[in-house]
Amino acid sequence: MATAKKKLKKTAKTAKKTKKAPEVGMKKELSSLIYIAAGLLLCVFIFAPGGVVSQWIQDFFKGLFGLSAYLVPLLFLAFSIHRAIGRGFDEHKNKYIQGALLIISFASLFHLFGGYSAVNPVLPSSITGYWQNGTYGFGGGVIGGILCDVFANTLGRVAAGIILVTVCLILIMILTKWSPLKALLRVLVRCFMGVKAAKQVAIDEIKETAETSAPNAR
C-alpha cells in the first residue's frame, strides 16, 4: 500500500509538471513578444517620432542621454531578440549591462567634447541645462553631463577625457573581443611593409633607368 501511494504521488507530481510546462512556455513566448514589440516601438519613437507621445518619449531619452539616446533602442531591441531566441542568453546577460554602461560613457564623452564649461552638477540650473541641451541633440543629457562634470571638476577636463576614453575602449574590448593594440600593430606593420615595397619599387626603377641610359651614353 505504501509503495502504491508513493507511486500515485509521483505520478500526480509529474502530471502537474507536465501541465505547468506548456503554461511556462506560453508565458515566456508572450513576454518575449511584448519585449520585441516594445523594442520596435522604442526605435520608432526615438528615430522617427510621429505624434505627441512619441515626441515626448524621444525628448525624455534625449534629455537623459543626449546623442547617446539613439543607441538605447538598438540595445534594448537586441536584448529582446536575444531573449526571445534564448540561445546563449543566460551566458551573455552581462554584455547588455556592459552595453548600457558604454552608452552612459558615450554620453559623458559627448558632453565633454561638446565644449561645455564644467559646472556644479548638483545645482538645479545645471540639471536644467543638461536636459535642454540633450533634448536639442547636444551633449550627453543629464546623465552624461553629471558624470562628465564630476570628473572635470575633481580631476580636470584632460584627465576626465583620458578616463572616459579608457573606459569606453575597455568596454568595447570586452563586448567585441577587439584589441586596439593588435589593430595598431597591424596598421604599423602594413605601413612598414608598404614603405618597404615602395622603396624597393623606387630602387628597381632607378636601376632600370640607369641600365637603359648606359648604352645611350656610349
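It should be emphasised that the depicted structure is a prediction, and the values quoted were computed from it without experimental measurement. In what follows, every heavy atom counts, from backbone to side chain, and hydrogens, waters and symmetry copies are set aside.
The two atoms that bring Ala160 and Leu112 nearest to each other are C-CD2, 4.2 Å, heavy atoms only. In plain terms, the two heavy atoms of His82 and His92 that are nearest each other are CE1-CB, 4.0 Å.
Side-chain contact between Ile163 and Thr166: absent, with no pair of heavy atoms (C-beta onward) separated by less than 4.5 Å. Within the 4.5 Å cutoff, the side chain of Phe45 has no heavy atoms near those of the Trp56 side chain. Side-chain contact between Leu102 and Cys168 is present, with heavy atoms from C-beta onward closer than 4.5 Å.
Taken to the nearest 0.5 Å, the CG atom of Leu171 stands 10.5 Å off from the NZ atom of Lys95. One distance of note links CZ of Arg157 with CZ of Phe113; it measures 9.0 Å at 0.5 Å rounding. Summarising the geometry, atom CZ belonging to Phe110 is positioned 13.0 Å from atom CZ belonging to Phe65; distances are rounded to the nearest 0.5 Å. Taking OG of Ser54 as the reference point, atom CG of Leu42 lies at 11.5 Å (rounded to 0.5 Å). For the atom pair CZ of Arg83 and CG of Asp90, the computed distance is 10.0 Å after rounding to the nearest 0.5 Å. Of the inter-residue distances, the one linking Ile104 atom CD1 with Leu64 atom CG reads 10.0 Å to the nearest 0.5 angstrom.
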Check: residues 66-76 side-chain donor-acceptor pairs under 3.5 Å, at least two apart:
residue : atom : partner : partner atom : Å
Ser68   : OG   : Ile103  : O            : 3.4
Ser68   : OG   : Ala107  : N            : 3.0

Residues 135-152, side-chain donor-acceptor partners within the protein, below 3.5 Å, at least two apart:
residue : atom : partner : partner atom : Å
Thr135  : OG1  : Trp131  : O            : 3.2
Thr135  : OG1  : Gln132  : O            : 2.8
Asp149  : OD2  : Tyr130  : OH           : 2.3

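Leu41 and Ile57 fall within the same hydrophobic cluster, defined by Ile, Leu, Val, Met, Phe, Trp and Tyr side-chain heavy atoms under 4.5 Å apart, directly or through other members. The same ILVMFWY cluster, assembled from side-chain heavy atoms under 4.5 Å apart, contains both Leu175 and Ile172. A continuous path of ILVMFWY side-chain contacts below 4.5 Å connects Leu169 to Val167, so both sit in one hydrophobic cluster. Ile127 and Phe60 fall within a single hydrophobic cluster, where Ile, Leu, Val, Met, Phe, Trp and Tyr are joined by side-chain heavy atoms under 4.5 Å apart, directly or via other members. No chain of hydrophobic side-chain contacts below 4.5 Å, direct or via other Ile, Leu, Val, Met, Phe, Trp or Tyr residues, connects Leu109 to Ile162.
Connectivity analysis of hydrophobic side chains (ILVMFWY, heavy atoms under 4.5 Å, direct or indirect) links Ile81 to Ile36, Leu40, Leu77, Ile85.
The main-chain N or O of Val122 is never found under 3.5 Å from a side-chain atom of Ser126 such that the two would form a donor-acceptor pair.
The environment of Tyr96 atom OH is dense: over 12 non-hydrogen atoms of other residues, nucleotides or ligands sit within 6.0 angstrom.
Neither side chain, Gln98 nor Asn94, offers a donor N or O lying under 3.5 Å from an acceptor on the other.
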